[in-house]
Amino acid sequence: MHQQRSFHSLSRGAVFRTGMRDGIPIGLGYLAVSFSLGIAARNIGLNAFQGFLASLLNNASAGEYAGFLVIAANASYLEMAIVTLITNARYLLMSCALSQRFSPKMPFRHRLMMAYTITDELFGITIAREGDVNPFYTYGAFSIAAPCWAVGTALGVIAGNVLPARVVSALSVALFGMFLAVIIPPSRKNKVLAGFVLLSFGASYAASRLPFFAELSSGTRTILLTVTISAAAALLFPVRSKEDESNDA
């Protein structure tokens with residue numbers, strides 16, 4: 001098992017090809033999800049090339065969709081930067097985790113490239129490998145996943161311009177289904193998380209109706225709610241590490 005997961009005896013080309021192989025199912029999944037994202041891009045007025053470029057430069061579905069919402073609301077660049085930073089904050093943690101697995105001899109250019117290629121799925125298959133992280137494995141997976149993500153978005157924009165309005169409206173709902181698929185499984189396992197998810201829904205609706213908050217842009221409301229609710233969750237229900245649990249025992 002160790003020999004199957006380790007790259008110590010393989011050349012860079014072999015490691016890269018292994019990454020490409022493992023990136024195929026991820027790319028197919030990205031193609032389907034980004035198609036729905038392309039519908040959203042089309043609805044705010046982006047053309048196929050703009051949608052392609054947006055997905056090529058932003059490897060995050062939630063962050064990219066949040067950016068589209070900010071564009072639709074005609075918000076400022078500062079609001080877009082803050083919303084994207086908050087939405088993609090989990091990648092900071094993933095980067096820290098991966099950095100602990102880097103060889104001290106890894107060149108700085110590879111560290112920069114690895115930071116750019118991090119997504120939830122690519123992080124998962126990279127961190128699962130034993131030993132030091134080999135950047136060429138991630139590059140191989142990224143070379144398949146990233147084009148699928150960008151092409152899928154462009155195809156969604158094209159389809160949105162060709163398909164009837166009712167079909168486009170139906171496909172627009174698919175992206176919300178993706179987010180529900182992300183939050184429902186962990187919410188079913190954790191009642192606290194489920195409670196905060198419901199609280200966020202209610203708070204978002206209330207903020208769009210309450211005086212002062214309703215006058216703010218949707219991007220600003222998202223920033224305030226995200227910071228407030230996540231901070232409250234962290235303070236009231238901190239996640240206990242295994243070391244803390246063992247000390248208590």
Side-chain angles (χ1 to χ4, degrees), residues 30 32-95 115-120 146 149-161 165 168-183 196-233:
Y30 283 179
V33 172
S34 62
F35 185 88
S36 300
L37 192 65
I39 298 293
R42 178 262 182 191
N43 290 340
I44 65 170
L46 298 185
N47 58 38
F49 175 73
Q50 290 169 333
F52 175 88
L53 191 61
S55 286
L56 192 64
L57 299 177
N58 190 350
N59 305 315
S61 56
E64 191 170 344
Y65 183 67
F68 289 163
L69 291 179
V70 172
I71 294 174
N74 293 319
S76 65
Y77 288 127
L78 178 60
E79 288 179 326
M80 176 178 289
I82 296 175
V83 167
T84 304
L85 176 63
I86 294 174
T87 308
N88 294 336
R90 66 188 185 280
Y91 295 121
L92 298 175
L93 301 178
M94 294 181 190
S95 296
Y116 173 68
T117 59
I118 290 179
T119 67
D120 300 81
W149 179 252
V151 170
T153 305
L155 292 177
V157 175
I158 295 172
N161 292 327
V168 172
S169 179
L171 289 173
S172 299
V173 180
L175 196 62
F176 294 98
M178 180 197 69
F179 286 111
L180 290 177
V182 171
I183 64 175
F196 275 98
V197 168
L198 294 176
L199 176 63
S200 66
F201 288 159
S204 179
Y205 177 78
S208 66
R209 294 290 186 269
L210 292 175
F212 174 73
F213 289 102
E215 299 175 0
L216 300 175
S217 68
S218 60
T220 301
R221 290 200 302 269
T222 300
I223 295 171
L224 293 175
L225 289 174
T226 302
V227 173
T228 301
I229 295 175
S230 61

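Everything quoted here is computed from the prediction, not taken from an experiment. Reckoned from all heavy atoms, side chains included, excluding hydrogens, waters and symmetry mates.
Rounded to the nearest 0.5 Å, atoms OG1 (T153) and CG (L56) are 9.5 Å apart. In this structure, I44 CD1 and Q50 CD are separated by 9.0 Å, a value rounded to the nearest 0.5 Å. Rounded to the nearest 0.5 Å, atoms CZ (F35) and CD1 (I158) are 9.5 Å apart. Taken from CG in L69 to CD in E79, the straight-line distance is 12.5 Å, to the nearest 0.5 Å. Separating the CG atom in L85 from the CG atom in L92 is a distance of 6.5 Å, to the nearest 0.5 Å.
The ring pair (Phe, Tyr, Trp, His ring centres under 6.0 Å) search around F52 returns none, not counting sequence neighbours. The side chain to side chain contact (heavy atoms under 4.5 Å, CB included) search around N59 returns Y116, T119, F142, not counting sequence neighbours.
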Going through the checks in order, is the side chain to side chain contact (heavy atoms under 4.5 Å, CB included) test met by F49 and V157? CA-CA 9 Å; F49 175 73; V157 175; over 6 Å; no
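Under the 4.5 Å side-chain criterion, counting only non-hydrogen atoms from C-beta, N43 is not in contact with F68. Residues N161 and N47 have side chains not in contact (no heavy-atom distance under 4.5 Å, counting atoms from C-beta outward).
The nearest pair of heavy atoms linking T84 to G63 is OG1-O, 4.3 Å. Here the closest non-hydrogen pair linking I39 and G156 is CD1-O, 3.3 Å. Closest approach of N58 to E64, counting heavy atoms only: O-OE1, 3.2 Å.
Remark: the backbone N or O of W149 is paired with a side-chain donor or acceptor of S34 at under 3.5 angstrom.
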I'd like a table of donor-acceptor pairs (distance under 3.5 Å, sequence neighbours excluded) in which one partner is a side-chain atom from residues 199-210, with atom names and distances.
from, atom 1, to, atom 2, distance (Å)
S200, OG, F196, O, 3.4
S200, OG, V197, O, 2.5
S208, OG, Y205, O, 2.6

